[in-house]
Every structure is written in structure tokens, then in C-alpha cells.
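Worksheet: one structure, shown below.
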Amino acid sequence: MTLDRGLRPANLQLRSQVCRSRRIKCDGQRPKCRPCQRSSRHCHWIETVPAASAVSPAHQVSPLGSTVYSETEYRSTQVPEYALQDPQVANIFRHYMENLAAWYDLNDSKRHFKDVVPIRARYNPLLLSAILAFAAAHQHRTLGDSIYLELAEFYHYDSVRRLISLTNNVDQLPIGETLAAICLLRSYEIITQNVSSQNHLQGCYSLLASRQFHITADLLSAGYWNYLREDITVALIERRGLMITLSDQNAPLEPTEDMDFANYVTFLLGKCINRCLSVDSPPLDLLEWEAMKAELDSWKSSLPPSFDPIRTPQLGTQSSFPSIWTLRSWHGWNP
């Protein structure tokens with residue numbers, strides 16, 4: 001599988017001195033920059049742990065005492081194990097695991113985003129920051145407490161800063177964890193109603209452009225399918241083609257496991273969107289339409305019996321619709 005339409009890492013820019021409250025370039029004065037002083041706003045700074053402390057997880061040294069946090073600052077994720085000692089960080093992290101991770105494992109029997117991503121986040125600062133940004137944004141959306149919005153913005157900024165720094169050495173970055181973080185950051189953008197922003201999808205292209213990989217049951221593949229579903233979501237909202245090219249040459253292998261069939265129809269949907277909604281796409285002729293329909297019919301006829309719904313009359317409330325249900329989330333055929 002090749003992801004193309006890539007943007008070079010040089011296209012991603014971030015100012016080194018940015019006022020967290022007003023998001024403008026500032027003088028970097030501590031503990032509060034002049035724009036924040038004039039506006040009587042809090043000025044949040046990202047404190048990083050000294051490089052000497054960022055050693056392997058088995059030999060991490062607690063930075064307690066080496067970094068002083070003011071009441072307006074939040075815990076850095078530079079050493080994730082230390083960050084998770086903070087009750088506020090731990091609660092948001094647990095909110096992701098208990099309430100949000102299942103969103104990403106829609107078609108994944110291995111539950112990578114629920115079982116693997118939290119473990120990797122204990123040793124990956126970018127992944128932990130991305131989890132905290134998304135989970136805090138969701139807490140703000142559901143509870144309305146402004147403190148969660150401040151937390152979400154703080155860890156979102158921290159994630160972007162870390163993501164951009166990784167592009168300086170693309171060949172050495174952990175691509176599975178990085179793609180998972182980008183999917184979480186894209187969800188942050190959607191949940192904060194910044195649907196039109198393509199920052200992290202574009203960042204993903206810069207990381208994965210021209211890279212070949214096989215779709216298997218690993219974190220990279222789980223991230224790819226989430227990445228594709230998010231791209232489809234935004235493309236349908238904005239009525240445009242995907243930012244990824246899908247063709248028969250980079251199609252996934254024929255479905256073998258139960259969950260593969262749901263992912264495969266997602267791929268077919270993406271191809272249809274690109275053909276019909278891309279800029280200046282000519283109208284479909286009859287032969288093209290029949291070919292696309294034949295692909296879908298072939299997929300449907302190949303579904304295993306496990307996809308058959310269970311019919312239970314009078315199940316639940318009274319309804320004019322028949323009572324049917326399925327065993328797994330992907331049996332609903334939802335891309």
C-alpha cells in the first residue's frame with residue numbers, strides 16, 4: 001500500500017515562540033509574555049524535561065525537583081510515566097481508554113487503539129499528548145467545563161510541536177505510533193468543530209508519502225484504516241475527493257478474516273468518492289457505473305455467514321421496522 005499526494009515535511013511550520021492564550025507570536029518573556037500581561041490572560045508554557053532524563057523507560061529518572069510548574073502550567077509528557085503520576089493526566093488518559101478507544105477499533109478484532117495504543121503511550125510522548133488532547137476535547141464537549149478546553153489546547157499544541165520535530169528525521173520515527181497519534185489529532189480537530197483543517201492529515205502525508213507497506217494486523221495497519229475513515233468523513237462533509245489516491249494497484253488483499261470485509265468495503269467507498277467527487281471529474285458512463293456496482297456486488301456475495309443479522313421478533317420497543325441485530329460492530333457494513 002502506498003500513500004501518495006504527500007506534502008514534504010518542510011511544508012509544516014511552527015513558530016518557536018507562540019503565546020498559548022492568543023496564539024500569536026510573542027516575545028517569549030517568562031513567566032508571562034507581554035501580550036498576555038496586557039490582556040490579563042494566563043500564559044501557558046510547555047515545560048520539557050532535560051534531555052538527560054529522556055532515557056529508556058526502564059531507566060527513567062524522575063524529574064521531580066528539576067522542573068517547577070506554576071499553577072497555570074500542565075504536566076509535560078516528555079517522560080510519560082512521570083506525567084501519568086498526575087491525577088488530572090491519569091483521569092483524562094483513563095477517559096480515553098474507557099470511553100473513546102472503541103471508536104477506533106470499529107473494524108479491528110485486535111483492538112489496537114484500546115489495548116496497544118495506551119501501552120505504547122507510556123513510552124511515547126507524542127502518542128500520550130495526542131491522547132490527552134483528544135480526550136480532554138471530548139470532556140469539554142460533553143461536560144462544558146472550560147478547564148478541559150485549556151487542557152486540550154495545551155496538549156494539542158504540544159503534540160504538533162513534537163510531530164513537527166519528528167519530521168526532521170522521518171526515517172527513524174516509529175511510524176505506527178506516529179500514524180496513531182495523527183488519527184487522534186484529526187479527531188481532536190473534528191470534535192473541536194475545526195473540520196476544514198487538514199493540518200494532521202497533511203502531516204500524515206508528509207510522513208507516509210511514497211512509503212510501501214502491507215496491510216496486516218498491526219498498529220500501522222489499524223492506523224491506516226482509521227486514517228482512511230477520517231479522510232472519508234471530511235471528504236463527504238466537504239463534498240470533495242479524498243486526499244489519498246486509491247486504485248486497484250494499491251488495493252488491500254482479498255478479505256480473509258471476518259473484519260477484513262468491513263475494511264475492504266471502506267476501500268471501495270473511498271474509490272467511489274474519488275471518482276465522483278474529485279475536482280473536474282467527468283460524469284460516470286454506464287460501463288464505469290456497472291463496473292463499480294459489480295465490485296460491490298462481488299464483495300456482498302462473498303460475505304461469510306457471520307455477517308447475517310439475527311432476527312428476533314418483538315425485541316425492544318414497538319417499531320414498524322423488523323427487530324434485527326448483529327454480533328460484531330463491523331457486521332453493520334458501516335465503512
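As the structure is a computational prediction, the values presented were derived from the model and not from experiment.
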Working for side-chain hydrogen bond (donor to acceptor under 3.5 Å, both in side chains), residues Tyr74 and Glu150: CA-CA 10 Å; Tyr74 303 113; Glu150 292 183 10; 2.9 Å; yes

[X], [Y]: one ILVMFWY side-chain cluster at the under-4.5 Å cut-off?
X: Met259; Y: Leu303; value: yes
X: Leu132; Y: Ile119; value: no
X: Leu151; Y: Leu149; value: no
X: Met97; Y: Tyr148; value: yes

Considering all heavy atoms, the nearest [X]-[Y] contact:
X: Leu126; Y: Ala181; answer: CG-CB, 3.8 Å
X: Ser109; Y: Glu257; answer: OG-OE1, 4.5 Å
X: Ala137; Y: Thr192; answer: CB-CG2, 4.0 Å
X: Tyr264; Y: Glu254; answer: OH-OE2, 3.8 Å
X: Ser159; Y: Ala130; answer: OG-N, 3.2 Å
X: Leu284; Y: Trp289; answer: CD1-CE3, 3.9 Å

Sidechain N-carboxylate O distance under 4.0 Å for Arg161, Asp158: yes

Pairing of Glu189 and Arg186 as salt bridge, 4.0 angstrom limit: yes

His138/Trp103 under ring-ring contact (aromatic ring centres under 6.0 Å, His included): CA gap, chis, key distance, verdict: CA-CA 12 Å; His138 182 263; Trp103 296 7; 5.4 Å; yes

Test side-chain contact (heavy atoms from CB on, under 4.5 Å) applied to Asp115 and Asp105, step by step: CA-CA 10 Å; Asp115 294 340; Asp105 293 329; over 6 Å; no

Heavy-atom donor-acceptor pair, Ser278 side chain to Asn274 backbone, under 3.5 Å: yes

Main-chain N/O of Pro87 paired with Asn91 side-chain donor or acceptor, under 3.5 Å: yes

Let me confirm one number: the [atom1]-[atom2] distance from [X] to [Y], rounded to the nearest 0.5 Å.
X: Ile131; Y: Thr77; atom1: CD1; atom2: OG1; answer: 10.5 Å
X: Leu268; Y: Asn263; atom1: CG; atom2: CG; answer: 11.0 Å
X: Ser129; Y: Phe154; atom1: OG; atom2: CZ; answer: 8.0 Å
X: Trp325; Y: Thr312; atom1: CH2; atom2: OG1; answer: 5.5 Å
X: Lys271; Y: Met292; atom1: NZ; atom2: CE; answer: 7.5 Å
X: Glu290; Y: Glu295; atom1: CD; atom2: CD; answer: 13.5 Å

Side chains of Arg275 and Pro282 in contact at under 4.5 Å (non-hydrogen atoms): yes

Any side-chain heavy-atom pair of His95 and Leu100 under 4.5 Å: yes

Candidate pair Trp225 and Asp108, rule side-chain contact (heavy atoms from CB on, under 4.5 Å), full reasoning: CA-CA 9 Å; Trp225 288 118; Asp108 186 3; over 6 Å; no

Under 3.5 Å, is there a donor on one side chain and an acceptor on the other for [X] and [Y]?
X: Arg229; Y: Asn226; answer: yes
X: Ser221; Y: Asp218; answer: yes
X: Tyr104; Y: Ser187; answer: yes

Stepwise side-chain contact (heavy atoms from CB on, under 4.5 Å) test for Tyr155 and Arg75: CA-CA 9 Å; Tyr155 286 112; Arg75 189 64 61 91; 4.0 Å; yes

Mutual orientation of the aromatic rings belonging to Phe261 and Phe307 [parallel < 30°, tilted 30-60°, perpendicular > 60°]: perpendicular

Aromatic plane relationship, Tyr188 with His156 - under 30° parallel, 30 to 60° tilted, over 60° perpendicular: parallel

Check against side-chain contact (heavy atoms from CB on, under 4.5 Å), Val265 and Leu296: CA-CA 8 Å; Val265 77; Leu296 184 61; 4.0 Å; yes

